[in-house]
Amino acid sequence: MLLSLEAIRYKNNKFEILNQLLLPQEFIYEDCSSVEQGFSAIKTMKVRGAPAIAISAALCLAIELKNLKSKLNLVETKKYIFEKLDYLCESRPTAVNLFKMADEMKSILQNELIHLENDIAGGESLKNLFIKKAEELLQIDISDNMSIGHFGAECFAKQSQVKILTHCNTGSLATAGYGTALGIIRTLHSQGKLEHAYACETRPYNQGARLTAFELVYEKISATLISDSMASFLMKEKGIHGVVVGADRVVANGDTANKIGTYQLAIAAKYHNIPFYVAAPSTSIDCNKKSGKEITIEERPKKELTHINNIQIAADGINVWNPSFDITPATLITGIVTELGVIPKNTIGEFDVSEFLEKKKKLSSLF
Ligand SMILES: CSC[C@H]1O[C@H](OP(=O)(O)O)[C@H](O)[C@@H]1O
């Protein structure tokens with residue numbers, strides 16, 4: 001019997017990641033108790049998904065700090081943590097969650113320095129503060145995902161039964177819990193409103209075929225796997241009520257970086273007049289970037305296209321272009337579902353993301 005579907009496991013001073021490269025054939029957790037192991041797991045995509053990447057980076061450093069033999073003073077501890085965070089941020093460039101986590105951690109520790117400068121145990125206190133904050137990220141992600149599921153399901157309140165198409169993997173294998181776009185599908189399923197889910201295989205890394213199909217079967221959710229090239233015809237033939245995808249980075253005007261293939265789904269959805277939703281926690285939002293043009297798109301190894309499970313399928317010598325993400329312009333997006341609610345469109349068909357977040361944060365500070 002499979003254990004509960006967790007991309008990451010953090011307990012008893014151990015941090016393990018489910019090696020997603022072995023799914024669906026093997027269900028194996030691997031120790032991830034050092035920054036080096038964490039970096040490698042993220043880079044090779046043993047663990048992937050914008051939220052899971054950020055949480056894994058924080059927790060592998062937390063465990064490394066717990067196991068640190070040498071006692072560091074306050075300045076040495078700060079230097080150690082900052083350098084490790086910078087190193088982890090070199091693993092993958094597109095998802096913003098990891099960079100936001102690193103920046104927020106640095107800011108928290110920097111602010112704490114003033115209070116610790118005369119404390120001989122300052123190094124230990126700073127270390128423990130990082131560990132505490134890293135452990136909090138798990139709970140924040142789980143609650144965020146549940147809210148996204150709720151707000152996303154509300155987008156389909158008018159329909160009694162819905163058929164949803166999704167792309168890549170945005171479930172428990174991409175987050176610390178319920179999932180973002182797949183969290184919406186889970187919520188609709190729990191409400192008895194999901195007639196059927198369709199998952200794109202998501203070439204070339206096949207997160208849909210390998211991971212999303214696994215999650216849907218595991219939870220006995222009525223679903224069908226399609227190849228990416230079938231998506232437009234599916235929209236035409238099968239009466240899809242909505243396309244719901246995740247995000248690696250949503251920027252200030254709502255342009256969204258997500259798994260390669262998302263952009264063409266948005267174009268096809270527009271053509272077929274099907275609502276297209278992006279589901280993302282606020283930790284995936286980067287208002288420092290004004291539009292999608294500013295987002296760095298990760299390019300991955302050629303072998304991901306020329307081989308499947310190490311079996312060569314393309315001729316030696318062929319050139320390969322392998323961008324891991326693409327940019328969907330805000331004008332093709334119906335709504336952006338966050339844990340704070342659904343961001344509405346503005347008068348020019350884009351989104352005022354920072355205005356929405358500021359309003360929601362002001363509201364939450366009143367209660
Ligand atoms: C909630 S995961 C968001 C996002 O991350 C995935 O990318 P990758 O598998 O390369 O880490 C995909 O773009 C998902 O939509």
Side-chain angles (χ1 to χ4, degrees), residues 5 7-8 17-21 23 41-57 91-101 137 140-142 144-149 152 164-186 199-215 228 243-250 256-266 276-286 292 295-301 304 322-328 333 336-339:
L5 266 186
I8 58 177
I17 55 107
L18 177 61
N19 181 346
Q20 297 185 28
L21 296 178
L23 289 176
I42 294 166
K43 184 85 180 166
T44 57
M45 294 175 68
K46 284 182 179 180
V47 63
R48 29 65 50 202
I53 288 170
I55 294 166
S56 299
S91 55
R92 295 184 73 193
T94 303
V96 70
N97 307 54
L98 171 53
F99 301 91
K100 280 182 87 166
M101 179 279 290
L137 291 176
I140 293 167
D141 185 73
I142 291 166
D144 285 356
N145 288 187
M146 298 299 282
S147 305
I148 290 171
I164 304 287
L165 171 64
T166 193
H167 190 62
C168 197
N169 174 258
T170 58
S172 303
L173 296 175
T175 66
Y178 200 61
T180 58
L182 203 51
I184 294 172
I185 288 174
R186 280 196 166 96
C200 292
E201 67 179 340
T202 317
R203 286 283 297 146
Y205 220 76
N206 303 313
Q207 290 93 327
R210 291 188 302 110
L211 307 176
T212 299
F214 185 82
E215 290 202 41
D228 303 334
V243 179
V244 184
V245 299
D248 293 84
R249 194 182 296 242
V250 179
T256 294
N258 196 51
K259 188 49 49 192
I260 189 73
T262 303
Y263 176 39
Q264 65 187 16
L265 288 180
F276 184 92
Y277 290 99
V278 166
S282 52
T283 49
S284 298
I285 292 178
D286 175 8
I295 300 174
T296 301
I297 297 294
E298 175 188 14
E299 296 217 4
R300 291 193 61 89
E304 290 179 4
N322 186 15
S324 193
F325 302 94
D326 56 26
I327 304 294
T328 299
I333 299 171
I336 300 170
V337 186
T338 76
E339 75 279 11

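First listed ligand is number 1; within each ligand, the first listed atom is number 1. As the structure is a computational prediction, the values presented were derived from the model and not from experiment. For the single chain, residues carry numbers from 1 onward in sequence order.
- In terms of polar-atom proximity, defined here as any N/O pair under 3.5 Å, Asn169 makes no such contact with ligand 1.
- Looking at Phe325 against ligand 1, only its side chain comes within 4.0 Å, counting heavy atoms.
- At least one N or O atom of Lys259 sits closer than 3.5 Å to an N or O atom of ligand 1.
- Proximity of Arg92 to ligand 1 is established by a heavy-atom distance of less than 4.0 Å.
- Val245 does not count as a contact of ligand 1, since none of its heavy atoms falls under 4.0 Å from the ligand.
- Taking the side chain as every heavy atom from C-beta outward, Ile42 and Arg92 approach each other to under 4.5 Å.
- For ligand 1, the polar-atom distance check finds no N/O of Thr175 at less than 3.5 Å from any of the ligand's N/O atoms.
- Using modelled atom types and a 3.5 Å distance limit, the side chains of Asp248 and Thr94 yield no donor-acceptor pair.
- Between His167 and ligand 1, no N or O atom pair is found at a separation short of 3.5 Å.
- The shortest N/O to N/O separation between Ile53 and ligand 1 does not fall below 3.5 Å.
- Between Gln207 and ligand 1, a contact under 3.5 Å exists for at least one N or O pair.
- The closest protein non-hydrogen atom to atom 5 (O) of ligand 1 is Asp248 OD2, 3.0 Å.
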